[in-house]
Amino acid sequence: MRTEALLPNNSQNNFADNRAIPLKIWLAVLSVILLVFFMGYLTDRVVSEIEQQNIRASVIDNLGTIRAKLEGTVSNNLMIVRGLVAEVIDEPYLAQDQFSKFVHNLMRVDSQLRNIGAAPGLVVSMMYPLAGNEAAIGIDYRTHPQQREAAMRAVNSGQMVIAGPVNLAQGGRGFVARLPVYLPSTTTEKELWGLISAVIDVDKVYKTAGLTDPSLALDVAIRGKDGLGSHGAIFYGDENLFEGHKNVILKVTLPSGSWQLAARPQGGWNTDNLFRDWIVAATLLFALILASLTFSWMRNYERRRVVEKELRNHHEELEALVAVKTADLQSAKEAAEEANHAKSSFLANMSHELRTPMHAIINFSRMGGKKFDSVPPDKLKEFFENISQSADRLLLLLNDLLDLSKLEAGRMELDRHRYDVRAVLNVGVGEFRELAKLNSIEINLEESKIDLVTRFDQNKLLQVIHNLLSNAIKFSPDGGDIFISFDQGEIKIEANEDGDQMVKSIMFSVSDSGIGIPEDELEGVFDKFVQSRKTHSGAGGTGLGLAICKEIVERHGGTIWAENSEAGSRFTVALPRE
């Protein structure tokens with residue numbers, strides 16, 4: 001009798017199923033192995049990306065510090081040269097001994113200057129120190145083959161020109177700054193006195209900026225010889241640093257022209273490969289899973305099926321979690337880069353804005369202290385007026401910074417009550433009417449029947465009105481007009497999770513008759529330290545007024561925007577009607 005005939009049909013089917021079970025187990029184990037390897041690889045990529053972004057953030061931070069030091073060092077040295085220009089304008093017929101004495105006093109401060117020369121009539125006739133530089137006396141910039149181009153570029157532009165670095169005849173390398181000097185004239189044509197030239201020691205500049213610090217963990221390169229920016233030649237470091245797409249590139253702003261910095265970590269952007277450790281971990285995990293699955297199959301096939309189902313659910317949840325974490329890391333990376341960029345930009349602007357009035361105070365106070373017994377009283381009065389103006393500008397900048405920092409940090413409380421916006425505008429117009437009359441400017445306040453009563457902080461809104469009226473007067477021509485008009489409408493405010501909502505608002509606009517704002521700058525005028533390229537050179541100011549206006553208005557739940565009108569520019573403030 002055949003053995004198969006003694007087995008029931010269902011037993012034969014179970015036997016066949018049991019023989020098929022190991023294949024299913026191996027398939028499941030293989031899937032686990034592949035998934036473990038994939039998760040190890042993906043996790044390694046995420047960790048590597050995080051390391052790269054942390055390294056890049058550190059490079060941006062360190063390179064931003066170097067940039068700020070370079071700009072500050074060059075600016076400090078050139079302020080000394082500008083102080084000499086003031087002396088030459090005051091005493092255009094200096095002799096060598098007077099020149100040497102004055103420059104000696106200027107160079108007693110910590111500087112990187114090697115020598116300073118004066119060329120009245122574009123012929124070098126004075127030099128400090130004279131020893132070792134006698135060969136420069138008598139050089140005529142108009143005919144000298146190597147120096148004529150840079151000298152005439154300074155004369156023709158009327159601006160300081162920075163050339164180099166160049167190899168110096170007395171050894172070493174230096175940046176050469178040339179500044180034309182014009183004497184006061186009763187005619188419209190300025191009278192050219194000559195040139196002041198100064199040589200800044202390259203090695204000292206590099207040392208002050210930290211480029212030669214042995215602890216600097218960066219490979220750095222600089223290009224932009226003669227202040228030509230990205231078009232200038234590389235004069236420090238490896239030129240290949242400007243080719244890598246990962247390398248950090250920052251702009252160094254000079255009084256005339258610019259340089260570019262490029263950097264990467266020493267040794268490149270490589271990070272340790274963690275995937276090998278994950279292979280070992282995955283192999284151990286595979287062995288544990290295989291032993292567990294085999295034991296479970298031997299005990300109970302049904303129980304194994306439940307375990308496999310739970311395991312698959314776990315893997316799906318893990319994949320979803322990794323996807324979410326990857327997206328979060330990407331967002332964190334972008335936010336870190338933006339924060340580093342904003343910090344570098346803010347430090348550079350702050351360095352420039354604070355140094356300018358501070359150097360003016362230092363230079364004019366030193367000059368007045370040295371010459372108080374030898375210059376007429378009206379000249380001393382001019383020195384003190386310059387010191388006072390610079391101090392006022394510095395105080396205004398610090399007050400604006402404090403206000404802006406309080407607003408951004410949410411530490412400035414609003415004392416909101418129901419007021420009439422028209423009444424507050426009447427106060428602001430009254431305070432500025434006399435200033436406007438000095439420039440023959442008429443301030444016109446529209447008569448309106450619109451109900452302008454709402455809840456706001458009276459002092460903070462008056463601060464916004466002060467800024468807007470000050471700008472309108474500043475940018476309106478003599479004999480111009482300023483119009484203040486009213487309107488009402490709706491603005492969008494942030495609500496709850498249901499989304500934003502539209503609320504009724506009251507609006508007032510301040511329109512000037514000035515030169516207007518370029519269309520591409522209308523959004524950016526409310527950023528910190530931003531001024532229009534049409535007004536930046538002559539209007540003055542800290543560049544913080546409109547940023548403060550924006551913070552105050554938005555704290556009230558309102559909005560502010562700029563646009564161009566037919567006569568000039570118009571700034572509109574919209575507040576919720578409460």
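For reference, positions follow the sequence shown, starting with 1. The basis for the numbers below is simple: all heavy atoms, side chains too, and nothing from hydrogens, waters or symmetry mates.
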Donor-acceptor under 3.5 Å (R67 side chain, K251 main chain): yes
Main-chain N/O of I89 paired with W193 side-chain donor or acceptor, under 3.5 Å: no
N/O donor-acceptor pair under 3.5 Å between R56 side chain and K246 backbone: yes
Side chain R178, main chain V155, donor-acceptor under 3.5 Å: no
Residues in side-chain hydrogen bond (donor to acceptor under 3.5 Å, both in side chains) contact with D226, at least two apart in sequence or another chain: none
Heavy-atom side-chain proximity of I60 to L63 below 4.5 angstrom: no
Sidechain-backbone polar pair: N62 side chain, S58 backbone, donor-acceptor under 3.5 Å: yes
Flag side-chain contact, heavy atom, 4.5 Å: V429 against I482: no
Sole residue of I443, I441, D481, N439 in side-chain contact (heavy atoms from CB on, under 4.5 Å) with S476: I441
Listed once per pair and sorted, the salt bridge (Lys or Arg N to Asp or Glu O under 4.0 Å) pairs that draw on residues 440-452, sequence neighbours left out: D451-R577
Polar contact flag, side-chain donor to acceptor under 3.5 angstrom, H466-E431: yes
Any residue meeting side-chain hydrogen bond (donor to acceptor under 3.5 Å, both in side chains) with T208, in chain and number order, not counting sequence neighbours: Q112
Cation-pi, Y419 ring and R455 (6.0 angstrom, 45 degrees): no
Side chains of L546 and L468 in contact at under 4.5 Å (non-hydrogen atoms): yes
Acceptor/donor pairs from residues 564-576 side chains to any protein atom, 3.5 angstrom cut, sequence neighbours excluded:
residue : atom : partner : partner atom : Å
N564    : OD1  : I517    : N            : 2.9
N564    : ND2  : I517    : O            : 2.5
N564    : ND2  : E519    : OE2          : 3.1
S565    : OG   : G568    : N            : 3.2
S565    : OG   : G568    : O            : 3.3
S569    : OG   : D512    : OD1          : 3.3
S569    : OG   : D512    : OD2          : 2.8
R570    : NE   : E563    : OE2          : 3.3
T572    : OG1  : S509    : OG           : 2.8

Test salt bridge (charged side-chain N to carboxylate O under 4.0 Å, His left out) applied to R416 - qualifying residues, sequence neighbours left out: E578
Parallel, tilted or perpendicular, as decided by the 30° and 60° cut-offs, for the rings of Y206 and F175: perpendicular
N76 side chain vs G72 backbone, donor-acceptor pair below 3.5 Å: yes
Polar side-chain atom of S157 near backbone of R153 as donor-acceptor pair, under 3.5 Å: yes
Listed partners of E523 passing side chain to side chain contact (heavy atoms under 4.5 Å, CB included), at least two apart: none
Verdict with reasoning, E551 to R555, per salt bridge (charged side-chain N to carboxylate O under 4.0 Å, His left out): CA-CA 6 Å; E551 290 289 338; R555 285 287 303 277; over 6 Å; no
Check: T253 side chain, S258 main-chain N or O, donor-acceptor pair, under 3.5 Å: no
D457 (side chain) donor-acceptor with D415 (main chain) under 3.5 angstrom: yes
